[in-house]
Amino acid sequence: SVTTSAPSRNRSTEERALRRRIYELLGKPRMASRQFLAPDKGWVYSRARTISASQFYAHLRGQSTLALSPLSKINGRSCALFICFDIDEMFPQRLGVMREVLDELGALLGAWAATGSDGERGKVILCLASPMSQNDAVELASRILDEARQRHLLWGTETKKVDVFPKRG
């Protein structure tokens, strides 16, 4: 028989708890598109579909690649559950600037970052205390990004290297 050591069991329990906590902090996202890397096309996205908590957890374990929707319909209104800054260039440098801006806005404790497919890419996720209208979330994200761009020349004026979600509806 195979036995699992206490540290291994504890780590597994902690990882499950962390996945559940992330799911809750993101407002229990309900919609996502699958992502596929297609030769000569780059990333290809499927049509958005409803996802379950177990599909979300599989994504966090690296078993599937999903593009989570930060939006959900609440009382017939499109509301943001979280804000995502998808940074495709100079992530380590830009992360420091984002940290400063979020700290000054009092939002740093609600934010976290994840690295991307290489060291230059990553995401900054801002969890919201409660869902907010899509338009309000877009305005807040624009304000944060504008402030980051004003502070540091590393941001430049390009729009392709930083994508923000949600988008204007």
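The aromatic rings of Y57 and Y23 sit perpendicular, their planes meeting at an angle over 60°, well past the 30° parallel limit.
Around the CG atom of L37, the shell of radius 6.0 Å holds more than 12 heavy atoms that belong to other residues, nucleotides or ligands.
Side-chain contact check for T50 and R30: no donor-acceptor pair (N or O, by modelled atom type) lies under 3.5 Å.
Residues R94 and K161 are in side-chain contact: their nearest non-hydrogen atoms beyond the backbone lie under 4.5 Å apart. Using a 4.5 Å heavy-atom threshold, the side chains of L68 and I51 count as touching. F165 is not listed as a side-chain neighbour of I83, based on a closest heavy-atom distance of 4.5 Å or more. Side-chain contact between P70 and C84: absent, with no pair of heavy atoms (C-beta onward) separated by less than 4.5 Å. Taking the side chain as every heavy atom from C-beta outward, I144 and M98 approach each other to under 4.5 Å. Residues D86 and V164 fail the side-chain proximity criterion, which asks for heavy atoms closer than 4.5 Å. In this structure the side chain of H59 never reaches within 4.5 angstrom of the side chain of R19, judged on heavy atoms. Within the 4.5 Å cutoff, the side chain of M31 has no heavy atoms near those of the S72 side chain.
Residue pairs meeting the ring-ring contact (aromatic ring centres under 6.0 Å, His included) criterion with at least one member in residues 60-98: none, sequence neighbours excluded.
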* **L66 vs F56, side chain to side chain contact (heavy atoms under 4.5 Å, CB included): CA-CA, chis, key distance, verdict** => CA-CA 8 Å; L66 299 174; F56 177 84; 5.7 Å; no
* CA sep, side-chain torsions, deciding dist, call: W112, I22, side chain to side chain contact (heavy atoms under 4.5 Å, CB included) -> CA-CA 10 Å; W112 51 279; I22 290 171; 4.1 Å; yes
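The two residues A67 and Q35 have their closest heavy-atom pair at N-OE1, 3.9 Å.
From E139, atom CD reaches atom OG of S133 across 9.0 Å, with rounding to the nearest 0.5 Å. For the atom pair L26 CG and S69 OG, the distance stands at 11.5 Å (nearest 0.5 Å). With rounding to the nearest 0.5 Å, the separation of CG in D88 from NZ in K123 is 7.5 Å. In this structure, CG in L71 is found 8.5 Å from SG in C79, a value given to the nearest 0.5 Å. Within the model, atoms CG of L128 and CG of L140 stand 7.5 Å from one another, a figure rounded to the nearest 0.5 Å. The structure places CE of M90 at 7.5 Å from CD of E120, a figure rounded to the nearest 0.5 Å.
A salt bridge does not link D146 to R143: none of the charged nitrogens lies less than 4.0 Å from a carboxylate oxygen.
Both L95 and V101 are members of a single hydrophobic cluster when ILVMFWY side chains are connected at heavy-atom separations under 4.5 Å.
The salt bridge (charged side-chain N to carboxylate O under 4.0 Å, His left out) test applied to R61 returns no partner, not counting sequence neighbours. Under the ring pair (Phe, Tyr, Trp, His ring centres under 6.0 Å) criterion, F36 pairs with no residue at all, not counting sequence neighbours.
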